[in-house]
Protein chains: 2
Amino acid sequence: MVRLSKRVEYGLIALRHIASQRGAEIVTAKEISDKYGIPFDLLAKVLQRLSKAGVIVSHQGVRGGYSLALDPRAVQVSTIIHAIEGTTPVIAQCMSDGPASCEVFDVCTIKSPLTKVQANIERAFMSMTLAEIV
Amino acid sequence: MVRLSKRVEYGLIALRHIASQRGAEIVTAKEISDKYGIPFDLLAKVLQRLSKAGVIVSHQGVRGGYSLALDPRAVQVSTIIHAIEGTTPVIAQCMSDGPASCEVFDVCTIKSPLTKVQANIERAFMSMTLAEIV
DNA sequence: CTCAAATCGGACTTAAACAGTCGTATATAG
DNA sequence: CTATATACGACTGTTTAAGTCCGATTTGAG
Ligand code: SF4
Ligand code: SF4
């Protein structure tokens with residue numbers, strides 16, 4: 001419960017690796033996969049999503065790979081999570097899927113208190129940037 | 001990802017209900033189950049765990065039920081979660097299950113940065129008490 | 001031009017966690 | 001005694017995450 005998915009962890013490791021390259025050099029998925037023992041197919045999809053979200057840029061074809069697209073200081077962990085998962089991490093179902101998603105929504109007495117916890121969680125993920133991981 | 005389990009939500013709702021009773025009155029699981037539309041069997045087990053953890057006290061037999069055991073201001077959300085789940089919410093597997101639990105532990109470059117995020121998450125759950133939910 | 005190296009993207013299978021249910025035992029007020 | 005309530009474990013079904021597979025596309029290099 002309240003655990004980062006492997007996808008996100010792999011994404012963070014990969015991003016750190018790419019960001020640590022001097023001068024925007026291109027890194028291939030295989031290179032990262034080998035170095036960290038991450039399943040290639042899985043990592044590939046993570047990188048594709050990060051690419052689609054504009055966090056990294058992809059270079060197709062021979063001698064292709066990935067390079068950073070943004071200043072590491074501008075990339076928050078929450079942005080990375082959203083890029084990979086497609087959603088923002090939320091603590092309660094109704095916060096992301098709406099009132100209809102929860103049977104007890106109407107009589108639920110903990111919605112508003114949980115909102116405060118949620119705000120703190122969000123801050124936790126926003127307060128760290130890629131620059132602090134490298 | 002990063003979502004509270006239903007058990008915890010049900011537990012919070014139940015605790016809020018019990019805590020809102022004036023003068024440590026006894027409340028039955030059925031009463032709560034009916035009022036909030038929570039599956040009885042599931043709620044029962046949650047209350048049993050809270051009882052075992054000493055957050056509430058159980059009264060068996062006819063006219064039995066549950067009542068608060070502690071000052072609501074002394075019951076943190078993190079305590080409630082631990083009572084119900086048996087574990088503390090952690091962001092990464094290796095933090096709870098040890099180094100051996102993760103294949104990439106040895107080469108993982110994000111362990112220590114994530115520790116800081118973890119600390120913030122913990123604060124989020126500790127900073128709210130049952131008193132603030134009632 | 002051809003080929004190999006790389007990203008792209010969806011479908012699929014497997015494994016684990018979660019939500020919910022069932023059955024039975026135990027305690028106790030009246 | 002008996003109805004009411006908690007106690008506890010085993011079980012099933014659903015959902016989500018992890019990982020795999022296959023084919024398509026792009027493109028630098030020979
Ligand atoms: S309504 Fe209450 S119980 Fe349902 S998801 Fe939102 S917070 Fe959780
Ligand atoms: S070692 Fe790294 S990847 Fe493995 S669980 Fe810990 S943080 Fe996540």
Side-chain angles (χ1 to χ4, degrees), chain A residues 1-11 14 18 25-34 37-53 55-67 69 81 84-87 89-90 92-93 96-97 101-104, chain B residues 1-11 13-14 18 25-34 36-53 55-67 69 81 84-87 89-90 92-93 96-97 101-104:
Chain A
M1 201 198 76
V2 186
R3 183 164 299 181
L4 259 41
S5 69
K6 281 295 177 194
R7 275 193 275 264
V8 168
E9 291 194 321
Y10 293 160
I18 297 171
E25 288 168 23
I26 290 178
V27 183
T28 70
K30 179 148 187 14
E31 204 175 319
I32 299 172
S33 162
D34 285 346
I38 299 172
F40 175 83
D41 290 315
L42 193 48
L43 175 64
K45 228 176 293 184
V46 169
L47 291 172
Q48 283 163 27
R49 294 195 191 180
L50 287 171
S51 161
K52 243 181 132 176
V55 177
I56 56 181
V57 298
S58 73
H59 307 270
Q60 291 195 12
V62 177
R63 309 267 313 156
Y66 299 94
S67 57
I81 294 176
I84 295 173
E85 304 283 20
T87 64
V90 286
Q93 193 174 12
S96 58
D97 303 351
S101 66
C102 182
E103 293 283 339
V104 305
Chain B
M1 200 199 79
V2 185
R3 184 164 299 180
L4 259 41
S5 68
K6 281 294 177 193
R7 275 192 271 266
V8 168
E9 291 193 320
Y10 294 160
I13 291 173
I18 297 171
E25 288 168 23
I26 291 177
V27 182
T28 70
K30 180 153 188 8
E31 203 175 320
I32 299 172
S33 162
D34 286 345
Y36 299 99
I38 300 172
F40 175 84
D41 290 316
L42 193 48
L43 175 63
K45 226 176 296 182
V46 169
L47 291 171
Q48 282 162 28
R49 293 194 193 182
L50 287 170
S51 160
K52 245 180 129 177
V55 177
I56 56 181
V57 297
S58 73
H59 307 270
Q60 292 195 12
V62 176
R63 308 267 311 153
Y66 299 94
S67 56
I81 294 176
I84 295 173
E85 304 283 21
T87 64
V90 286
Q93 192 174 15
S96 58
D97 304 350
S101 67
C102 182
E103 294 283 340
V104 305

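Order of the sequence lines sets the chain letters (A, B, ...), proteins ahead of strands, with each chain counted from 1.
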Quiz item: If you look at every heavy atom in A/Thr28 and A/Gly64, which pair is closest and at what distance?
Solution: CG2-O, 3.4 Å
Exercise. Indicate the atoms forming the closest heavy-atom contact of A/Ser5 with A/Glu85, along with that distance.
Key: OG-OE2, 2.5 Å
d([atom1], [X]; [atom2], [N]) in whole Å:
X        : N      : atom1 : atom2 : value
B/Leu42  : C/dC22 : CG    : C1'   : 13 Å
B/Gln93  : C/dA17 : CD    : C1'   : 12 Å
B/Lys6   : D/dT15 : NZ    : P     : 13 Å
B/Ile84  : C/dA17 : CD1   : P     : 19 Å
A/Arg63  : D/dG30 : CZ    : C1'   : 14 Å
B/Met1   : C/dC18 : CE    : P     : 14 Å
B/Glu103 : D/dG19 : CD    : P     : 9 Å
B/Glu31  : D/dT6  : CD    : C1'   : 15 Å

Quiz item: From B/Ile18 CD1 over to B/Leu50 CG, what is the distance, rounded to the nearest 0.5 angstrom?
Solution: 7.5 Å
Quiz item: Rounded to the nearest 0.5 Å, how far apart are OH of A/Tyr66 and CD of A/Gln60?
Solution: 8.5 Å
Self-check item: D/dA7 base / B/Gln48 side chain donor-acceptor hit below 3.5 Å
Solution: yes
Quiz item: Is a donor-acceptor pair below 3.5 Å formed from side chain A/Lys45 to base D/dT20, judging by atom type as modelled?
Solution: yes
Checking contacts here: which listed nucleotide ([options]) is nearest the side-chain heavy atoms of [X]?
X       : options               : result
A/Lys52 : C/dG9, C/dT7, D/dA17  : C/dG9
B/Gln60 : C/dT21, C/dA27, C/dT7 : C/dA27
A/Val62 : C/dA5, D/dA7, D/dT6   : C/dA5
B/Tyr66 : D/dT20, C/dC22, D/dT6 : D/dT6

Practice problem: For B/Ala29, answer base if it contacts any base atom (sugar-phosphate contacts may also be present), sugar-phosphate if it contacts only those atoms, and nothing otherwise; contact means non-hydrogen atoms under 4.0 Å. | Solution: sugar-phosphate
Quiz item: Between B/Ser58 and D/dA7, does any side-chain N or O lie under 4.0 Å from OP1 or OP2?
Solution: yes
Practice problem: Please state whether the phosphate of C/dA19, meaning OP1 or OP2, lies under 4.0 angstrom from any side-chain nitrogen or oxygen of B/Tyr10. | Solution: no
Practice problem: Mind checking side chain to side chain donor-acceptor pair (under 3.5 Å) for A/Lys6 and listing every partner two or more places apart, or none if nothing turns up? | Solution: A/Glu9, B/Gln93
Quiz item: Closest nucleotide of DNA chain D for A/Gly61 versus for A/Asp41: which of these residues is on the 5' side?
Solution: A/Asp41
